[in-house]
Amino acid sequence: MAQTNLSPPFDFIREMIEEHLRTNRFQGRVMTRFPPEPNGYLHIGHAKSVCLNFGIAAQYGGTCNLRMDDTDPSGENQEYVDSIIQDVKWLGFEWKDRLFYASDYYEQLYQYAVQLIKKGKAYVCSLNAAEIRDYRGSLTEPGRESPYRNRSVEENLNLFERMRAGEFKEGSHVLRAKIDMASPNITMRDPIMYRIRYEPHYRTANQWCIYPMYDFAHCLSDSIERITHSICTLEFENNRPLYDWFLDELNVEYHPQQIEFARLNLGYTVLSKRRLIELVEDKCVRGWDDPRMPTLAGMRRRGYPPDAIRNFCERISVAKNDSLIDVALLEHCLRENLNEKAQRVMAVLHPLRLVIDNYPEGQTEEWDSPYHPQNPEMGSRKVPFSRTLYIEQEDFLENPPKKFYRLAPGREVRLRYGYFIKCVNVIKDPKTGQVAELHCTYDPETRSGFAPNGRKVDATIHWVSADHSIPAEVRLYDRLFRVANPLEGKSDFKEYLNEKSLETIRSCRVEPSLAHASPGSQFQFERVGYFCVDPDSSDKVLVFNRILTLRDSWSKASGKEKI
RNA sequence: UGGGGUGUCGUCAAGCGGUAAGACACAGGUCUUUGGAACCUGGACUCGGAGGUUCGAAUCCUCCCACCCCAGCCA
């Protein structure tokens with residue numbers, strides 16, 4: 001794959017890691033983890049984190065664990081676990097036997113909580129949710145201490161044990177860390193460690209009715225796994241003092257370093273689980289793997305190669321600035337990748353019938369055409385040619401503007417891999433006045449690259465033989481939203497959805513070599529774009545997804561919309 | 001009007017006191033049987049703003065401004 005940046009990535013995280021290596025902070029170890037919560041599908045924002053965590057581990061000779069951060073039974077399920085596993089694998093990373101679940105640590109976490117209670121650093125609070133919120137204070141006012149804050153260790157132990165035993169109603173008690181209700185950092189105002197939930201957990205079923213909160217579970221899970229660098233996104237910066245507090249108070253052997261980086265924002269889409277769920281549930285898209293979705297499942301179905309995504313994640317680099325990445329960069333990585341490895345074939349999306357008057361009726365030729373003109377090692381296939389062809393409707397204009405140099409009345413162009421043809425007649429539909437069929441003549445001396453006496457032609461157009469080509473359905477995708485940042489402005493981001501993000505064309509014609517292309521395989525339809533076979537394809541219909549268009553300086557120059 | 005972060009080209013982003021890397025985008029050009037690809041060229045007299053320190057500041061100091069995050073028994 002084309003790789004422009006050959007030097008290994010270097011950023012503030014790696015800089016910190018190298019400092020730790022120099023000062024022997026972790027005995028030379030580098031161990032990371034990717035900790036998704038299995039309550040939704042992974043998207044390209046997660047890919048950034050996956051690439052960072054697995055990439056760093058590989059770079060420094062360490063390991064990266066895959067850990068399901070499943071501490072909230074509502075919404076989490078095995079289907080999501082399976083999809084996460086599939087997606088991370090697809091991206092190209094492996095974790096061997098290091099697939100862990102926070103839910104596997106429930107007993108250990110419980111014991112840690114007991115330890116904290118014994119130390120007088122945690123207490124059972126019996127305020128209700130509204131009261132807790134009220135006691136917490138606000139951004140500008142300090143909180144007030146809970147009336148239950150000074151229960152004895154014995155009482156706390158007893159109550160916590162009974163919470164676990166299921167003696168109390170949901171919401172009646174929580175376990176809280178005893179820190180500082182006046183802290184300017186709200187995270188430190190006696191944060192909740194455990195809450196009672198009678199919802200069954202997808203892995204532990206009804207074994208537990210108390211579940212640990214993120215702040216308590218995460219740092220300890222990291223410690224249990226001997227993680228050295230716990231990389232997370234910026235919004236957890238406020239939580240770092242708490243991350244450190246638990247580990248310090250519990251005096252654990254392994255105390256990882258939490259490091260925060262800016263999450264990915266990509267133009268013309270949204271990258272938040274909550275909003276993606278909304279798109280799926282409101283049927284704005286066909287599902288999690290709709291090719292317009294920024295989910296890894298969607299991108300896989302769309303035909304985005306995983307190594308292009310990895311390259312993209314490396315190129316956007318890692319920093320702490322809130323940023324909105326230009327989709328053009330993603331598209332560039334995709335084109336760079338696909339340009340190198342996609343086989344070239346011919347397909348006509350909007351067919352226009354073209355008859356070559358001086359080509360013998362019934363005659364057929366088969367031309368051996370390379371799958372990749374720049375790379376002959378990719379082989380070739382036979383492309384049949386005959387008297388009646390289909391060309392792209394937009395490759396002909398009856399009254400061409402100055403800079404249009406494709407086919408027009410009296411004009412000559414080359415057929416890709418074939419002859420020069422000249423348009424001699426235009427037949428229109430008498431009712432609509434639309435161009436219905438073109439008549440041309442061909443020059444037998446001009447086959448495949450030959451041109452007598454240096455005769456030149458301005459354009460080369462693609463085509464398929466009418467009788468030999470096969471029908472196909474093509475799905476054209478455009479950006480999901482009309483604006484770069486759908487979260488800015490209107491209260492409902494869905495108001496910015498691009499109504500034309502999917503266009504299905506059922507009357508396409510593709511060259512016969514595509515007849516048995518397997519789902520997922522990627523091609524360049526010459527002059528049109530990159531496409532892949534959709535799993536919806538069957539013996540009856542071939543369905544292609546447009547991965548993306550080719551760069552198109554003509555449509556840019558003519559100010560015309562992409563086909 | 002608390003606390004935590006961030007502000008360098010249109011978009012990302014290096015820079016860590018010695019006189020503004022790189023990528024994408026954009027513009028122009030070469031080449032070409034894909035108006036594709038490849039290749040060449042061009043662009044921040046300036047680093048959120050204002051002061052200050054220094055021979056020298058994007059980098060240090062002071063003040064100001066803007067934006068993001070935190071008041072879930074979510075993560």
Side-chain angles (χ1 to χ4, degrees), chain A residues 4-5 7 10-11 15 35-37 39 69-72 74-75 125 127-129 132-134 136-143 170-176 183-189 192-197 210-211 213-215 217-218 232-241 260 262 267 273-274 315-333 335-336 339-340 344 346 373-374 403-406 413-418 420 446 448-451 456-462 484 524-529 549-558:
Chain A
T4 27
N5 38 351
S7 55
F10 195 75
D11 49 64
E15 186 177 327
E37 184 188 8
N39 67 347
D69 204 3
D70 52 2
T71 56
D72 177 2
S74 58
C125 179
L127 253 22
N128 65 38
I132 287 182
R133 190 185 319 124
D134 187 47
R136 191 150 33 219
S138 71
L139 294 180
T140 48
E141 305 157 300
E170 221 169 87
S172 58
H173 306 281
V174 290
L175 183 71
R176 291 231 248 170
S183 173
N185 180 353
I186 295 174
T187 308
M188 300 299 271
R189 319 240 260 231
I192 293 169
M193 294 166 59
Y194 272 90
R195 72 288 212 187
I196 300 172
R197 305 286 254 97
I210 57 171
Y211 292 92
M213 298 285 288
Y214 167 85
D215 288 302
H218 203 91
C232 61
T233 43
L234 246 31
E235 66 268 28
F236 291 103
E237 226 154 8
N238 295 322
N239 302 47
R240 181 157 25 99
E260 312 84 12
K273 243 186 260 183
R274 199 208 93 211
R315 288 220 203 176
I316 56 178
S317 66
V318 183
K320 298 189 73 160
N321 306 333
D322 287 310
S323 59
L324 182 62
I325 304 289
D326 194 335
V327 272
L329 180 59
L330 209 212
E331 291 174 351
H332 173 263
C333 292
R335 290 195 181 100
E336 180 179 70
N339 174 51
E340 198 165 301
R344 271 59 171 170
M346 291 196 285
Q374 274 76 48
K403 291 196 343 219
F404 181 89
Y405 43 87
R406 275 110 99 149
V413 299
R414 177 180 288 286
L415 291 176
R416 182 67 162 158
Y417 303 123
F420 280 10
T446 57
S448 191
F450 294 104
K456 280 208 171 154
V457 107
D458 283 333
T460 294
I461 65 172
H462 59 99
Q524 183 194 104
F525 288 177
E526 292 213 47
R527 303 208 312 130
V528 180
T549 62
L550 252 28
R551 283 189 71 219
D552 184 355
S553 49
W554 162 243
S555 76
K556 206 178 288 171
S558 64

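Each chain gets a letter, A, B and so on, in the order its sequence line appears, and its residues count up from 1.
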> How would you list, by chain and number, every residue that makes a side-chain hydrogen bond (donor to acceptor under 3.5 Å, both in side chains) with A:Arg527, sequence neighbours excluded?
Replying inline: A:Asp395
Please list, pair by pair, any protein nitrogen or oxygen found under 3.5 Å from a nitrogen or oxygen in nucleotides 15-17 of chain B.
{"residue": "B:C16", "atom": "N4", "partner": "A:Glu15", "partner atom": "OE1", "Å": "3.2"}

> Under the side-chain hydrogen bond (donor to acceptor under 3.5 Å, both in side chains) test, which residues partner A:Tyr417, sequence neighbours left out?
Replying inline: A:Glu526
>> By nearest atom, which of the nucleotides B:C74, B:C26, B:U34 is closest to the A:Arg551 side chain?
In response: B:C26
> Which of the following nucleotides, B:C73, B:C24, B:G36, is nearest to the side chain of A:Leu550?
Replying inline: B:G36
> Now, which nucleotide makes the Watson-Crick or G-U wobble pair with B:A27, with each of the two distances under 3.5 Å?
Replying inline: B:U41
> Which whole-number value in Å describes the distance from A:Ile192 CD1 to B:C74 P?
Replying inline: 8 Å
>> Rounded to whole Å, how long is the line connecting atom CD of A:Glu170 with atom C1' of B:G72?
In response: 14 Å
> Can you name the side-chain hydrogen bond (donor to acceptor under 3.5 Å, both in side chains) partners of A:Arg344, sequence neighbours left out?
Replying inline: A:Asn339, A:His372
> How about A:Thr187 and A:Asn185: does a side-chain donor come under 3.5 Å of a side-chain acceptor?
Replying inline: yes
> With sequence neighbours left out, what residues match A:Asp72 under side-chain hydrogen bond (donor to acceptor under 3.5 Å, both in side chains)?
Replying inline: A:Ser74
>> Looking at B:U6, which nucleotide sits across from it as a Watson-Crick or G-U wobble partner, both distances under 3.5 angstrom, or is there none?
In response: B:A66
>> What contact category does A:Arg414 fall into here, base, sugar-phosphate, or nothing, at under 4.0 angstrom with non-hydrogen atoms?
In response: base
> Does any nucleotide pair with B:G17 by Watson-Crick or G-U wobble geometry, both distances under 3.5 Å, and what is it?
Replying inline: none
>> From CZ of A:Arg527 over to C1' of B:U32, roughly how many Å is that when rounded to an integer?
In response: 14 Å
> Of the nucleotides B:U34, B:A75, B:G7, which has the atom closest to the A:Arg416 side chain?
Replying inline: B:U34
>> Base, sugar-phosphate or nothing for A:Ile461? Non-hydrogen atoms, less than 4.0 Å.
In response: nothing
>> Looking at the base of B:G36, is there any donor atom on it, or on the side chain of A:Gln374, that sits under 3.5 Å from an acceptor on the other one?
In response: yes
>> At 4.0 Å (heavy atoms only), tell me whether A:Asn128 reaches a base, stays on the sugar-phosphate, or touches nothing.
In response: base
>> On the nucleotide B:G72, are OP1 or OP2 found under 4.0 Å from the side-chain N or O atoms that A:Arg133 carries?
In response: yes
> Is any side-chain heavy atom of A:Glu37 less than 4.5 Å from a side-chain heavy atom of A:Lys273?
Replying inline: yes
> Which nucleotide, B:G5, B:A27, B:A23, lies nearest any side-chain atom of A:Arg315?
Replying inline: B:A23
> Quantified in whole Å, what is the C1' atom distance between nucleotide B:C65 and nucleotide B:A37?
Replying inline: 47 Å
>> Counting only side-chain nitrogens and oxygens, does A:His462 get under 4.0 Å of the OP1 or OP2 atom of B:U34?
In response: no
> Are more than 12 heavy atoms from other residues, nucleotides or ligands located less than 6.0 Å from atom CZ of A:Phe450?
Replying inline: no
>> Distance check, P atoms only: B:A27 and B:G15, in whole angstrom units.
In response: 31 Å
> Which way is the base of B:G49 turned, syn or anti, if we draw the line at 90° from 0?
Replying inline: anti
> With a non-hydrogen cut-off below 4.0 angstrom, is A:Asp215 in contact with a base, only sugar-phosphate, or nothing?
Replying inline: nothing
> When we call it a touch if two heavy atoms are under 4.0 Å apart, what does A:Arg344 touch: a base, just sugar-phosphate, or nothing?
Replying inline: base
> With a non-hydrogen cut-off below 4.0 angstrom, is A:Lys273 in contact with a base, only sugar-phosphate, or nothing?
Replying inline: nothing
>> Heavy atoms only, 4.0 Å cut-off, all strands: where does A:Tyr417 land among base, sugar-phosphate and nothing?
In response: base
>> Under 4.0 Å between a side-chain nitrogen and a carboxylate oxygen: does that hold for A:Glu331 and A:Arg551?
In response: no
>> Heavy atoms only, 4.0 Å cut-off, all strands: where does A:Thr71 land among base, sugar-phosphate and nothing?
In response: sugar-phosphate
> If you look at every strand shown and take non-hydrogen atoms under 4.0 Å, does A:Tyr211 touch a base, only sugar-phosphate, or nothing?
Replying inline: nothing
> Does any nucleotide pair with B:C60 by Watson-Crick or G-U wobble geometry, both distances under 3.5 Å, and what is it?
Replying inline: B:G52
What pairs of nitrogen or oxygen atoms, one from the protein and one from nucleotides 1-4 of chain B, lie under 3.5 Å apart?
{"residue": "B:G2", "atom": "N9", "partner": "A:Leu139", "partner atom": "O", "Å": "3.1"}
{"residue": "B:G2", "atom": "N2", "partner": "A:Pro184", "partner atom": "O", "Å": "3.1"}
{"residue": "B:G2", "atom": "N3", "partner": "A:Leu139", "partner atom": "O", "Å": "3.2"}
{"residue": "B:G3", "atom": "N2", "partner": "A:Asn238", "partner atom": "OD1", "Å": "3.0"}
{"residue": "B:G3", "atom": "N2", "partner": "A:Asn238", "partner atom": "ND2", "Å": "3.1"}

>> So A:Leu127, base contact, sugar-phosphate only, or nothing? Heavy-atom distance under 4.0 Å.
In response: base
>> Work out how far the P atom of B:A38 is from that of B:C45, and round it to whole angstrom.
In response: 30 Å
>> Checking A:Asp215 against A:Asn239: is there a side-chain donor and acceptor pair closer than 3.5 Å?
In response: yes
> What does A:Ala319 touch in the nucleic acid at a heavy-atom separation under 4.0 angstrom: a base, only the sugar-phosphate, or nothing?
Replying inline: sugar-phosphate
> Just how far is it from atom NZ of A:Lys320 to atom CD of A:Glu237, taken to the nearest 0.5 Å?
Replying inline: 3.5 Å
> Of A:Arg195 and A:Lys456, whose closest RNA chain B nucleotide lies nearer the 5' terminus?
Replying inline: A:Lys456
> Between A:Thr460 and A:Ala129, which is nearer to the 5' end of RNA chain B once each is assigned its nearest nucleotide?
Replying inline: A:Thr460
> Stepwise, does the side chain to side chain contact (heavy atoms under 4.5 Å, CB included) test hold for A:Thr460 with A:Val413?
Replying inline: CA-CA 6 Å; A:Thr460 294; A:Val413 299; over 6 Å; no
>> Say we look at B:G22 and B:U53: how far apart would their P atoms be, to the nearest angstrom?
In response: 34 Å
>> With a 4.0 Å cut-off on N to O distance, would you call A:Glu141 and A:Arg136 a salt bridge?
In response: no
>> Under 4.0 Å, heavy atoms only, any strand: does A:Glu141 hit a base, just the sugar-phosphate, or nothing?
In response: nothing
>> Check the phosphate of B:U6 against A:Asn321, side-chain N and O only, distance under 4.0 Å to OP1 or OP2. Yes or no?
In response: no
